[in-house]
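Input: one structure, supplied below.
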Amino acid sequence: MNGSSGALFRFSRNLPATVGAVVLAVIALIAVFAPAIYGTGPWDIVSRPFYWPFEKAGLPLGTDMLGRDILAGMFDGARASLLIGSLATAMAVLLGLVVGLLAGFYGRRVDNVLMRVTEIFQTIPSFVLVVILVAMLKPSVGTVIIALGAVTWPTIARIVRAETLSLREREFVQAGIAIGMSDTRLLFVHILPNALPPVIIAASLLMAQAILLEAGLSFLGLGDPNVMSWGTIMGNGREVLRQYWYISAMPGVAILVTVLALNLVGEGINDALNPKLRQL
Amino acid sequence: MLVVFIIATANFALVHLVPGDAADVLAGESGSATPEYMQMLRQRFGLDKSLPEQYAIYIWNTARLDLGYSFRFSEPVSKLILGRLPATLILMVPAAILSFCIGVGMGVFASRRVGTWADSVVSVAAVLVYAMPVFWVGLMMIVIFSVNLRWLPTNGMETIASGYRGMDYVIDVVQHMIMPVTAMALFYIALYTRMMRASMLEVSTLDFVTTARAKGLNDSRVAYGHVLPNALLPMVTLLGLQVSTLLGGSILIETIFGWPGIGRLAYDSIAGRDVNLLMGILLASSVVVIVTNMVVDLAYGWLDPRISKG
Amino acid sequence: MGINLHLRASLLGVVMATALAGTAFAQEPQRGGVLTTIHFPEPAVLSSGVNSGFVAAYVSTKIYEGLLKYDRKGDPMPVLATSWDVAKDGLTITFHLRDGVKWHDGQDFTADDVKFSLEKVWKVLHSRGRLIFANVQQVDTPDKLTVVLHLSKPSPALMYSLNSFQAQVMPKHIFDDGSDIAKNPHINAPIGTGPWKFNEWQRGSHVVLDRNESYWDTGKPYPDRLVVRYIPDAAARSAALETGEAQLGAQSPIPLSDVKRLASLPDIKVTTEGYEYFANVSTTYFNTARKPFSDIRVRHAFAYATDRQAMLDDIWYGYGKLATGPIASYNTKFYTADVPQYPYDPEKAKALLDEAGYTPDKDGIRMRLTYDVNSPLGAEYVRLGELLKQQFAKIGVELTLRTQDLATFLKRIYTDYDYDFYTAYNGIYTYPILSQWWGKNIQKGVPFSNSTGYANPRVDELIEAAQIESDPAKQVEEFHEIQKIVMEDLPVLVNFELDPVTIYSTKVHDHSVTYDGPFGSFSDVWIER
């Protein structure tokens with residue numbers, strides 16, 4: 001059995017991780033087929049406002065303050081939240097990996113310059129930077145993704161740099177340097193794979209963070225007004241939270257489930273890549 | 001010094017890329033304006049000067065440690081920031097200490113019992129907490145503890161015009177602190193717990209740990225003597241990050257709990273296009289981050305002697 | 001035994017009835033207590049002289065006073081001026097000032113303070129004052145308690161603009177030292193003549209005002225302290241009123257969806273009185289300078305396609321009434337209902353669009369437009385955008401919503417003119433200032449100038465005439481004609497007249513006794529103990 005299929009096997013043996021993956025897959029399917037399931041879209045006013053869940057047939061999750069079907073909103077929200085979360089994370093991981101690897105591996109001048117750049121991004125409080133960027137670029141799905149990616153990548157960069165720094169001193173890398181391996185080979189064969197586990201965990205957390213940040217932006221009214229994300233529904237429900245808490249509660253649960261699934265999968269991957277941990 | 005200069009420049013560029021200016025906002029709040037009035041506002045705010053001129057003035061002022069004047073608030077920027085600093089600190093420091101200690105403790109606890117039900121409980125709890133939006137937790141806390149149980153005040157930092165002195169005042173402020181600090185800390189507790197657990201497990205697979213174990217040291221000695229110090233490395237990085245996010249990143253918490261901190265001031269300064277104030281806050285938080293990073297680097301050297309060799 | 005019980009019960013009833021009657025009729029103000037109020041958002045400064053917005057006014061009107069105030073019908077009443085004469089030609093106005101008034105720092109209030117405030121503050125630094133007092137050429141102070149204004153043209157709006165909301169009298173001895181008035185530290189630590197003295201302002205949290213012990217209206221104000229708290233979150237503001245942490249909140253301080261619930265609580269009352277002075281009308285503005293709204297048929301179509309009742313009921317929870325024209329019906333002097341009306345009629349809207357050449361494509365869409373959501377004004381406006389998106393979809397118009405913060409929004413609307421349409425509210429005040437329909441007021445870069453690009457020579461003529469008209473009958477005629485023309489041309493859509501709410505504890509009395517309600521001085525407010 002070779003390494004990767006072994007990892008896959010170990011992942012599939014990990015029950016929580018499998019459950020997480022299945023849940024994520026279901027959410028993703030909903031996201032993709034939301035328009036087909038709910039042809040009218042989440043903005044249609046279908047009934048009177050403030051039906052509680054299960055109060056009225058055909059509206060299993062009730063209606064919001066304008067009488068819109070919350071289930072339709074939740075379906076559409078899955079798409080928006082997953083899209084924004086995953087693209088922002090992808091952007092952050094890519095940027096963070098490149099910067100972190102280069103800085104950690106080459107050290108000195110390169111490290112100095114890259115870490116200064118990272119620092120500038122980090123010195124600006126992240127939520128403030130997101131708000132500035134969104135204000136600058138006007139709120140839309142694209143700008144929210146860019147803003148979230150732009151503030152989260154330094155986390156990855158620093159983790160990767162720290163890992164690389166420590167890996168570079170490890171025996172097998174030093175040995176590689178001694179026998180004259182090329183930098184690219186060292187980076188991609190020895191350092192990157194070994195630096196990945198913490199990045200994978202961090203990425204699963206980052207995606208969650210991106211989804212939560214998006215909700216925070218909507219809370220302040222800075223989301224894309226044409227997209228019904230879970231954050232939008234929660235933000236809408238917030239002002240009636242004390243009477244009609246179900247409006248905010250349900251997207252909260254959706255976010256919770258998604259983030260939970262993401263984490264289980266992330267951990268499953270981590271455990272699968274580090275089989276030794278299982279034996280401890 | 002150079003870093004501060006670069007940051008100041010970056011801030012200037014960032015802030016001036018945003019459309020609209022302070023005169024627009026001030027006129028907007030007034031609900032009416034005339035061309036002469038707009039002209040007068042722009043002149044008073046120095047917005048009629050060219051960008052390079054504004055930039056030169058800004059850098060010159062920064063070099064003299066003068067953060068400038070907020071025309072919108074009719075106060076010097078430094079006074080505005082210092083005015084908000086105590087409130088920010090008493091929110092930020094307890095939250096950071098609480099989350100670091102509890103988070104690291106729980107992470108170690110879970111990692112020592114990996115695979116057991118205790119580990120599962122801690123991990124699941126951490127993920128659940130992590131998954132809850134901060135503002136949602138805050139609002140639910142208000143609904144439960146203020147409105148229904150009436151145990152704690154809904155918001156603010158103190159009972160206004162109460163006339164409390166000494167111990168009574170401290171108790172009053174602590175009562176107001178409980179919910180925002182908890183809401184703020186919960187998220188980070190979850191983060192530290194998860195990272196610490198992962199880090200402990202990661203380090204314990206390393207060769208030197210195996211060697212230590214092979215030498216016949218018992219599990220606790222290995223865990224606390226060898227694994228823990230190394231596993232703390234990423235935690236220190238994370239703590240540094242937290243310190244920087246806490247200073248400016250509590251807009252949501254401050255909004256929900258009516259806490260008079262810097263985050264809210266920053267948010268208002270963006271919405272009000274209060275350029276001097278915003279740049280002042282950005283610069284101040286930059287300085288905090290730079291200092292924090294230096295401390296983090298020192299801590300690294302202390303925790304991991306191998307770094308200093310490289 | 002039974003009889004005895006019955007007797008006791010009825011006796012108790014009598015006693016209780018007497019006690020209740022006692023409280024009901026004992027409208028004798030009581031001294032003492034701390035009145036905590038909420039308002040939102042927090043002001044940037046505490047003097048309306050340099051920032052004429054609502055939030056600065058809410059605090060500063062308690063500290064500074066105007067020459068006059070207006071009763072619930074809009075008629076002038078004495079404050080710092082005890083009497084006044086307007087010459088027949090409207091060109092000379094004489095004010096006799098109140099004797100014995102002292103500033104909070106103990107100095108005497110004199111005619112010089114009024115002259116200084118008018119010449120250096122109202123005419124220069126106040127955005128509306130610059131228009132209102134533009135015709136004042138000279139201010140004489142023949143003695144310490146007399147002020148005479150000499151005008152180049154009659155200015156009917158002036159006599160309606162002398163309350164402390166519009167024109168606060170500021171102390172010359174504090175502000176007239178040659179330096180920039182707006183940079184004076186007392187802008188944020190005001191010294192006035194009003195019933196409340198500034199104590200402290202903790203930014204981000206609250207303002208504390210203390211009772212002015214030596215207020216000229218002896219015995220007032222009644223509470224010891226007045227606190228204004230700034231709570232950024234709407235739901236938390238609700239909670240503060242509900243728990244009694246705050247006893248009064250002005251200008252719809254909480255989500256309107258929550259008002260009914262709060263009103264049903266036994267110790268909380270809600271009123272929409274006290275906002276007549278502002279007479280705000282929710283208005284949708286069209287960009288008439290570009291397609292498609294340059295076509296009057298399209299504007300008419302959108303008027304017929306707007307279900308204003310749904311807007312009022314679903315989003316503003318009925319707090320308001322449908323408007324007929326740009327001047328609110330509160331303004332009994334100049335209002336007229338005799339103008340073209342546009343009842344909800346989607347079929348008629350479609351017919352008009354067909355006529356204008358906007359026929360549906362294969363997806364049933366006639367046109368795609370962007371609606372600028374006025375999100376800085378609150379969550380209601382975001383929901384309004386969502387509602388309009390649905391309403392206009394029914395006539396084949398696809399809307400894209402765009403949100404932005406205040407500065408970006410103002411730049412887009414008033415500088416770049418890069419918009420299709422948006423909604424805001426328009427304050428008309430007692431003597432209508434209709435500069436938004438004035439063709440000569442299309443001024444790039446000036447917020448709240450004429451953004452629609454609408455210019456009708458006849459309307460311009462009438463607006464200019466009304467601003468210097470001293471004959472009341474002619475004023476009415478001119479304003480009526482303006483309303484008729486504007487409602488035919490429809491550069492804007494008038495939606496409904498807003499009814500802001502004041503939410504207060506049943507223990508708080510006499511808070512809104514003037515035309516400007518919570519923006520009065522709170523000199524009469526008292527707390528039942």
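In the text below, chain A, chain B and the rest are named by the order of the sequence lines, each starting its count at 1. Being a predicted model, the structure only gives us computed values, none of them experimental.
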(message) Need one label for A:Ile159: side chain, backbone, both or neither, based on atoms under 4.5 Å from any heavy atom in chain B.
(response)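 Interface part for A:Ile159: side chain.
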
(message) Heavy-atom cut-off 4.5 Å, strictly under: side chain, backbone, both or neither for A:Gln209 against chain B?
(response)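 Contact with chain B: backbone and side chain both.
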
(request) May I ask you to check whether A:Ser229 and A:Thr232 show a side-chain donor-acceptor distance below 3.5 Å? (result)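 Side chains of A:Ser229 and A:Thr232: pair found under 3.5 Å.
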
(request) Go through the atoms of B:Ile270 and report whether side chain, backbone, both or neither lie under 4.5 Å from a heavy atom of chain A. (result)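 Just its side chain gets close to chain A.
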
(message) Taking side chain as everything from C-beta outward and backbone as N, CA, C, O, which of these in B:Leu278 sits under 4.5 Å from a heavy atom of chain A? Side chain, backbone, both or neither.
(response)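 Interface part for B:Leu278: side chain.
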
(message) Using only atom types and a distance under 3.5 Å, with no angle test, would you say the side chain of B:Ser269 pairs donor to acceptor with the backbone of B:Ala266?
(response)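 Between the backbone of B:Ala266 and the side chain of B:Ser269 there is a qualifying donor-acceptor contact (under 3.5 Å).
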
(message) Donor-acceptor check, side chain of B:Ser199 to backbone of B:Ala231, threshold 3.5 angstrom: yes or no?
(response)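 Side chain of B:Ser199 to backbone of B:Ala231, a donor-acceptor pair under 3.5 Å: yes, one is there.
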
(request) With rounding to the nearest 0.5 Å, note down the distance linking CG in B:Leu91 to CZ in B:Phe257. (result)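 With rounding to 0.5 Å, CG (B:Leu91) is 9.5 Å from CZ (B:Phe257).
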
(request) Flag this pair as yes if the NZ/CZ of B:Arg112 is under 6.0 angstrom from the six-membered ring centre of B:Phe109 and inside a 45 degree cone about the axis; otherwise no. (result)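 No.
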
(message) Heavy-atom cut-off 4.5 Å, strictly under: side chain, backbone, both or neither for B:Leu191 against chain A?
(response)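 For B:Leu191, side-chain heavy atoms alone lie under 4.5 Å from chain A.
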
(request) Can you tell which part of A:Leu213 gets under 4.5 Å to a heavy atom of chain B, answering side chain, backbone, both or neither? (result)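 Neither part.
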
